[in-house]
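Inspection log for the structure reproduced underneath, given as structure tokens.
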Amino acid sequence: MWNVDTPETLYFSAENTRYTTENGSFYDLDAIVRCVEEAETIALDTETTGLNKVKCVPLYWSLAFDEVRMTMHADILPLFDNAFRDPNKNWLFANAKFDVHMLSNVGIHLAGKWSDVQVMHALLYEDRPHRLKYIAEHILGWTWADFETQFGKIGKKQSAEDVIRKAENEDFDLLKEYAANDAWGTLLVYRELKRQLEGSFTHSLFSDKPPYINTLWDFFREVERPFTKVLWKMERRGIKVNRKTLEDAEPAAAAEIKQVEKDFVKLVGRPINIRSTPQLCEYFITDQKLEPLKMTGGGKSGDRKPSIDTNFLEHYKDRHQGALLVTRHRELSKLHGTYIVGLSSLMDGADRIHTSFNQDVARTGRLSSSEPNIQNIPRPENDKWNLRGAFITEPGWKVMAADYAQLEMRLLAAAAMEQPMIDIFLRGWDIHCGNAALMFNTPYEDIIGAKKLSKMVDDPDILEQFEAISPGVSERMEVSVAEYIKDCVFYRSAAKNIGFGLNYGMGSAKLANSLKCSREDAQDKINVYKETYPAVSRFFEEAVNEGRNYGYAFTVMGRRRNIPMILSNRRDERALGERLAVNTAIQGSAADVTRMAQINIDHMNWNRTHDVHMLLQVHDELVFEGPEDAVNELKSEVEVLMAHPFSVNLACPMEAEAGIGGSWGEAK
DNA sequence: TGTCCCGGCGCG
DNA sequence: AAAGCGCGCCGGGACA
């Protein structure tokens, strides 16, 4: 039995304007409308024709507030217009953006606050599922059958609308109860989660954490709750895709793929599916006797097979023609399947795609994006069809893309208070060259010069060119210029790989692999980095210690992540916990920074004042569209707002640069 | 025919 | 011996 009170479910529609309760008293709809107008905190859920954000509409909806739970037909939504327009309401949802899309599709907009219990739950219990049914069971010890179990599967045979129509005829009471449960559960869960959030004091490894965040409730109120609305606006607007680019690329890509498949079958001498890793394994390992480099996970059955991945194919590309063909095929079919075909199927009638920005998925506090995932569109250098160029805007308008420069590295420097590294940023240096210069006691200009000249070491006047960039270099060199350039390039590469890798807890084996040097050499370079940046080393240790003491990793704004495995008896689990302690502090803080920038930018109301709209977030990048003049006018303002996300400045400055063009690709 | 898991790989 | 963080999507293959 349920261990929560569930008051009787009221029901209203255009035809049913009076509800008589089991004990004979009754409620009139116009009185209920006034109650809703007076209530401050109201849970709302919709039962809809389907899951499509821009097409589907509510059939039924339910509300819960105070001790009232009720289900209504969608036909009386307009009666509640005063409540919907009230800016002081606090609307509660489970998956808020979806319900607001559904209401928006019938012309209703909610002016008040939108509190999403899934997002609240994710702040406290980021490693658990956040669907309402799970939350209710976890938080209240109460749950009810999910929609499909209750009413039947939604699929090709029957749409969500079909299923609801069927339930209407066959068991209307069940439908009413189900809908009311969703709103009632949302309300009860909200009350308890709010209490828990208020009792969760939080913490930050940054000594200059914004002072107005002391509990997770503060974080929710100041950051997550307003952010839901920002994301909704981005989803709602969508981004325009050039249909023709995709239509032209599709047959071209398909033809190239076919050709590679043919070539491969010819090479192998028998029918073989180039997409099948088991078949490739049989061919390369069993037939061709290539030595495996590493094994796969093995899965449920536990039979580990040699891995035929990029690393393997790269390793054998000069010795075996098949490796090249498979690599080529993988590149082409990835572009074709995931991006060309995948994106085409998700355009709306106006050729716009509306991704979902998921606020309760990534355990670090980052966003994720799905249907489509716009956060993994290929970079132009890996994409002959230039799909980023297919994200366009209207004639006379421009796309503006603004990127943070080395956001995570700057946050590391700020959190660690690593002054020499902060100085590199303050001077506007290339961070990897600067790190290399400090690590290897080499003038910054030498590293810069070597990077510029590495492709032309055979030029006869290479020394003069080097001297022009870095005066005095000829005297400093103790080896030939070609060797010195090679050394400097290696220094930068080592510094860059360590700079990125150490955030993830990369070990010497992996570093040796990417630097193509010995493990001892790699370990030596890591040691040099840690000696060069003692404050960063201390920060890593401190993050791990705090993880052990609190059981959590914390971001700059005080978001936290549970890392119980840091106290595990198993060495590998413990090591994972230690890596997460460091990485979450940095990656999660970067997520905080971008979020705050988005909230602050949204607050400027450029939608109304300039017709400029935020469209996408790709972790450290924001994409906008608007009339050309307006976008030009706001370019530097975007950069300033992104660089100053908090009311206090961190120890290391942040920097963002915006570009403008006819497409996302051009705006970079 | 549908569902799930897995290997593999795109992005930051 | 191993120990690179965070995501979502695709196609193959096993299974129902």
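Letters go in sequence order (proteins before strands), and every chain restarts at 1. Keep in mind it's a predicted model, so treat the numbers as computed, not measured.
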Hey, does the side chain of [X] come within less than 4.0 Å of [N]'s phosphate (OP1/OP2), counting only N and O?
X: A/Ser307; N: B/dG8; answer: yes
X: A/Arg379; N: B/dG12; answer: yes
X: A/Arg579; N: C/dA3; answer: no
X: A/Ser370; N: C/dG8; answer: no
X: A/Asn273; N: C/dG12; answer: yes
X: A/Ser368; N: C/dG8; answer: yes

By nearest atom, which of the nucleotides [options] is closest to the [X] side chain?
X: A/Ala575; options: B/dG12, C/dG8, C/dA3; result: C/dA3
X: A/Thr296; options: C/dG4, B/dG8, C/dG6; result: B/dG8
X: A/Ser276; options: C/dG8, C/dG13, B/dG12; result: C/dG13
X: A/Lys334; options: C/dG12, C/dG8, C/dC5; result: C/dG8
X: A/Leu576; options: B/dG8, C/dG8, C/dC5; result: C/dC5
X: A/Lys156; options: C/dC9, B/dG2, C/dA3; result: B/dG2

Using a 4.0 Å heavy-atom cut-off, does [X] contact any base of the nucleic acid, only the sugar-phosphate backbone, or nothing at all?
X: A/Leu367; result: nothing
X: A/Arg366; result: base
X: A/Arg561; result: sugar-phosphate
X: A/Gln279; result: sugar-phosphate
X: A/Ser508; result: nothing
X: A/Leu580; result: sugar-phosphate
X: A/Val361; result: sugar-phosphate
X: A/Asn503; result: nothing
X: A/Ala362; result: sugar-phosphate
X: A/Ile308; result: sugar-phosphate
X: A/Ser333; result: nothing
X: A/Thr584; result: nothing
X: A/Arg363; result: sugar-phosphate
X: A/Glu371; result: sugar-phosphate

Considering only NZ, NE, NH1 and NH2 on the basic side and carboxylate oxygens on the acidic side, decide whether A/Lys240 and A/Asp351 come within less than 4.0 Å.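 No salt bridge links A/Lys240 with A/Asp351.
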
Pair A/Arg366 + A/Glu408: basic N to acidic O under 4.0 Å: yes

Check whether A/Thr555 reaches the backbone of A/Ser589 with its side chain - one donor and one acceptor, N or O, closer than 3.5 Å.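 No, the answer is negative, given that no donor and acceptor are paired below the 3.5 Å cut-off.
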
Taking atom P in both B/dG7 and C/dA3, what distance in whole Å separates the two?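 Per the computed distance, 16 Å lies between those P atoms.
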
Please state the C1' separation for the pair B/dC9 and C/dG4 - nearest whole angstrom.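 Result for the C1' pair: 15 Å, nearest Å.
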
Counting distance alone, no hydrogens or angles: does the base of [N] have a donor or acceptor under 3.5 Å from a partner atom on the side chain of [X]?
X: A/Arg330; N: B/dG8; value: no
X: A/Asn373; N: C/dG8; value: no
X: A/Gln587; N: C/dC5; value: yes

What about A/Tyr316 and A/His320, are their ring centers closer than 6.0 Å? no

If you take the centroid of each ring, where Trp contributes its six-membered ring, are A/Tyr491 and A/His432 closer together than 6.0 Å?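 Ring centroids of A/His432 and A/Tyr491 are no less than 6.0 Å from each other.
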
Quick one: [X] [atom1] to [N] [atom2], roughly how many Å, whole number?
X: A/Glu148; N: B/dT3; atom1: CD; atom2: C1'; answer: 12 Å
X: A/Leu332; N: B/dG10; atom1: CG; atom2: C1'; answer: 14 Å
X: A/Asp383; N: B/dC9; atom1: CG; atom2: P; answer: 17 Å
X: A/Leu343; N: C/dC10; atom1: CG; atom2: C1'; answer: 13 Å
X: A/His619; N: C/dG8; atom1: NE2; atom2: C1'; answer: 10 Å
X: A/Leu313; N: B/dC9; atom1: CG; atom2: C1'; answer: 12 Å
X: A/Glu261; N: C/dG11; atom1: CD; atom2: C1'; answer: 12 Å
X: A/Lys305; N: C/dG13; atom1: NZ; atom2: C1'; answer: 9 Å

Report the relative orientation of the aromatic rings in A/Tyr552 and A/Phe554; use parallel for angles under 30°, tilted for 30 to 60°, perpendicular for over 60°.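 If you compare the ring of A/Tyr552 with that of A/Phe554, the planes turn out tilted.
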
Which atoms form the tightest heavy-atom contact between A/Ala413 and A/Met421, and what is the distance? CB-SD, 3.7 Å

Crowded around A/Arg237 CZ? As in, over 12 foreign heavy atoms under 6.0 Å?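 More than 12 within 6.0 Å, yes.
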
